[in-house]
There are 2 protein chains.
Amino acid sequence: MSGSEGHTDGTVGKALDVLESVAEFGRPVRFSELLTNSRWPKATLYRLIQTLSSQGMLAHDKDRNTYSLGVRLIRLAHGAWKQASLAPIAQPFVDDLSEKLGETVHLAQLDNGQVLYVDKRNARAPISMFSDAGKVGPGYCTGVGKAMLAFLPEPELTEALAKQAYYRHTEATLTTPEALRAELCNIRETGISYDREEHEEKIICIAAPILSLDDRPLGAISVTTSLLRHSLDDLSAFETDLKQTAAKIATEAQPWAFPMQNNQNYPSTRSQ
Amino acid sequence: MSGSEGHTDGTVGKALDVLESVAEFGRPVRFSELLTNSRWPKATLYRLIQTLSSQGMLAHDKDRNTYSLGVRLIRLAHGAWKQASLAPIAQPFVDDLSEKLGETVHLAQLDNGQVLYVDKRNARAPISMFSDAGKVGPGYCTGVGKAMLAFLPEPELTEALAKQAYYRHTEATLTTPEALRAELCNIRETGISYDREEHEEKIICIAAPILSLDDRPLGAISVTTSLLRHSLDDLSAFETDLKQTAAKIATEAQPWAFPMQNNQNYPSTRSQ
DNA sequence: AACTAAGTTTCAATATATGAAACAAAACTG
DNA sequence: CAGTTTTGTTTCATATATTGAAACTTAGTT
């Protein structure tokens, strides 16, 4: 129910929107379920679904008459992850950092005002693949989100700020664009962003942006921990390592000349 | 250059085809490069690319005028991975198996006649996310591929066999549909499939299909090793564990009633 | 068997995509 | 730095694909 409903980009836009609805359900879904939530009439939706199924973007379960996201997406995403995400480049540096600090490390990028996690290392335990990469989170109340927003140049920043949900997750959540803007200003000066239980009780994090030569945010990297184990002051001890890692990734990323994930204005899914 | 060129599924099909071409390049690509490999005239391709970019499926680098796959795909794929892949369900079992055997374990599904890896555990070393999941491999010369093909019911099998590249990777590669059919017949009887250096010299593997109640292949799981460390005979010692793991995953997957990845007939990318 | 809901097909009206060709803007070239 | 080539963008009449109300079929209920 958020976002600018705007542009449909013809049939393709509609088809992608359908894909997004199926994704939102998070489970195999029936035609009629999609229909109730759909902006398009029965026949239109029906044909879109047929097309997507025949294309392998949706998988149709004949027995139950349900649709899920198709595995073709996984194949395509692998390509996206390799060519348009910082993850493959950042991998060794993220490894080093997580090993040195022994805490959970996140690597994220901006996607349409939201945070998209592209890599992660858990405190211990090797983690398994897609379960974490590909996840989305809010921009306005996460360490990585604020770190990237803080360095977004003006036209885009306003757009991104307008897309935030400003839902009060905790006492500490910043719930107005004004409060957020002030915080971002501060972050831009220090080059470091904190999440002070703004997204989840007892969970804190320190994050640094990964910046291009012209100071545009390519991504962000963060160290997350729990108040049960560390205080905010403890986190600040990670600042130097974090900034160094971010700098290394930025250097490495520069030659590859990263595609700015700009100008995207597809109807966003829920964003809290 | 392969596959059935056939169905375009209107604009949506064309757009997805463009996406696929960008994926095939594996690097940021210019409009003109896409144009040379494109079946559509300039203006058409141009508008498709514009639409895809505005939708976040492609990322446009203004400076270099190149296009890459967009991060939106990663978000969508996360959904696909969670709802349409065996990976989340199989995770604990794959963990157990890889820990017990100390060898590389692959979890795969069929996608349009090809093998799509949806999870992986390395012999040691925690591996990072998308770097492995999302990869594709050939069906006709991998352990998991043959394990799944062997249990494909007739109409689909013929279709799948027709999509194989039959490229001779090694001496041992089966390079004709006939030879493959014979091998599949054998696999169906034993319930176990071997890769005897058919894809890569010195690399061998043992695989078992993960079957639904009506014996359709939901996926396959394999243990891979090198001839430098193990013989084919050694591998057969893993048979019991492998089959048990496959059975456990199948049981767990049943209630979720898996979307059969059927009837897909989108123009396949290169398939060797 | 009668009823209801879910899924599929039809078809004329309409919106959309098409693509040849003209145009504009970069990128070379001498 | 004018001239030339290549690459990228726009135009517009035409062809085509999409639309959606309604009819229809099939599956599920009572």
Side-chain angles (χ1 to χ4, degrees), chain A residues 5-22 25 27-55 57-68 70 257 259-260 262-267, chain B residues 5-22 25 27-55 57-68 70 257 259-260 262-267:
Chain A
E5 63 118 295
H7 294 176
T8 339
D9 277 322
T11 323
V12 176
K14 280 168 213 166
L16 291 174
D17 193 280
V18 170
L19 224 50
E20 209 80 53
S21 341
V22 176
F25 271 92
R27 58 169 174 84
V29 63
R30 307 196 120 234
F31 171 67
S32 55
E33 297 182 279
L34 287 172
L35 184 58
T36 27
N37 293 38
S38 168
R39 331 190 206 169
W40 297 287
K42 229 206 262 213
T44 304
L45 182 69
Y46 182 74
R47 265 169 298 114
L48 285 173
I49 288 177
Q50 292 231 118
T51 303
L52 288 169
S53 300
S54 116
Q55 287 290 326
M57 301 296 279
L58 286 180
H60 180 218
D61 182 335
K62 266 179 183 147
D63 300 331
R64 326 212 152 196
N65 244 310
T66 56
Y67 299 86
S68 336
M260 291 272 88
N262 270 341
N263 279 29
Q264 303 169 358
N265 201 38
Y266 47 84
Chain B
E5 63 119 293
H7 294 176
T8 341
D9 278 321
T11 323
V12 175
K14 281 167 212 164
L16 291 174
D17 194 279
V18 170
L19 223 51
E20 209 81 53
S21 344
V22 176
F25 271 91
R27 59 168 173 82
V29 63
R30 308 195 120 234
F31 170 67
S32 54
E33 297 182 280
L34 286 172
L35 184 59
T36 25
N37 293 40
S38 169
R39 331 189 206 169
W40 296 288
K42 229 210 253 208
T44 303
L45 182 68
Y46 183 73
R47 266 168 296 115
L48 284 174
I49 288 177
Q50 293 232 119
T51 304
L52 288 169
S53 300
S54 116
Q55 286 291 325
M57 301 296 280
L58 286 179
H60 180 219
D61 182 335
K62 266 178 182 149
D63 300 331
R64 327 210 151 198
N65 243 310
T66 56
Y67 298 86
S68 337
M260 290 273 89
N262 270 342
N263 279 31
Q264 303 169 359
N265 201 38
Y266 47 85

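Every chain is numbered from 1 and lettered A, B, ... according to where its sequence line falls, protein lines coming before strand lines. All figures in this text were calculated on a predicted structure; none of them were measured in a lab.
- When each of dG7(C), dT8(C), dT18(D) is scored by its nearest atom to the side-chain atoms of Ser32(A), the top-ranked nucleotide is dG7(C).
- For the residue pair Leu52(B) and Ala15(B), the shortest heavy atom distance occurs at CD1-O, 3.5 Å.
- Taking atom NZ of residue Lys62(A) and atom C1' of nucleotide dA27(D), one finds them 17 Å apart after rounding to whole Å.
- Under a 3.5 Å cut-off, the side chain of Arg30(A) and the backbone N or O of Leu35(A) do not form any donor-acceptor pair.
- Summarising the geometry, the separation between CG on Leu34(B) and C1' on dG8(D) is reported as 13 Å, rounded to the nearest angstrom.
- One distance of note links CG of Leu16(B) with CG of Leu48(B); it measures 10.0 Å at 0.5 Å rounding.
- Atoms CZ (Arg64(A)) and P (dT26(D)) sit 23 Å apart, rounded to a whole Å.
- Taking atom CG of Leu45(B) as the reference point, atom C1' of dT7(D) lies 13 Å away to the nearest angstrom.
- The side chain of Asn65(A) has dG7(C) as its nearest neighbour among dT10(D), dG7(C), dT18(D).
- The line from CG of Asn65(B) to NE2 of His60(B) is 4.0 Å long, rounded to the nearest 0.5 Å.
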Nucleotide N/O of nucleotides 20-25 of chain D paired with protein N/O under 3.5 Å:
{"from": "dG20(D)", "atom 1": "OP2", "to": "Thr44(A)", "atom 2": "OG1", "distance (Å)": "3.4"}
{"from": "dG20(D)", "atom 1": "N7", "to": "Arg47(A)", "atom 2": "NH2", "distance (Å)": "3.2"}

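- Side chain of Lys14(A), nearest nucleotide from dT8(C), dT19(D), dT9(D): dT19(D).
- With 3.5 Å as the limit, one finds a donor-acceptor pair spanning the side chains of Asp9(B) and Ser54(A).
- Each end of the helix from dA1(C)-dT30(D) to dA27(C)-dT4(D) yields a helix axis from five base pairs, and these two axes differ in direction by 40° (to the nearest 10 degrees).
- Checked against a 6.0 Å centroid threshold, the rings of Tyr67(B) and Phe31(B) do not count as neighbours.
- Rounded to the nearest 0.5 angstrom, Leu19(A) CG and Ile49(A) CD1 are separated by 10.5 Å.
- The shortest distance between the side-chain N/O atoms of Tyr46(A) and the OP1/OP2 oxygens of dT9(C) is below 4.0 Å.
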Open item on the list: Please evaluate residues Met57(A) and Val12(B) with respect to the criterion side-chain contact (heavy atoms from CB on, under 4.5 Å), reporting the C-alpha separation (whole Å), side-chain torsions for both, the decisive distance (0.1 Å), and the verdict.
Closed with: CA-CA 11 Å; Met57(A) 301 296 279; Val12(B) 175; over 6 Å; no

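- Between Asp9(A) atom CG and dT16(C) atom C1' there is a gap of 13 Å when expressed in whole angstrom units.
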Dump the pairs, protein N or O against N or O of nucleotides 27-29 of chain C, anything under 3.5 Å, distances to one decimal.
none

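- In this structure, CG on Leu45(B) lies 6.0 Å from CG on Leu34(B), to the nearest 0.5 angstrom.
- Regarding Leu35(B), its CG atom lies at a distance of 10 Å from the C1' atom of dG8(D), rounded to whole Å.
- Distance, Ile49(B) CD1 to dT10(D) P: 13 Å, rounded to whole Å.
- The nearest whole Å value for the distance from the CD atom in Glu33(B) to the C1' atom in dG8(D) is 13 Å.
- Thr36(B) approaches Glu33(B) most closely through the heavy-atom pair OG1-O, 2.8 Å.
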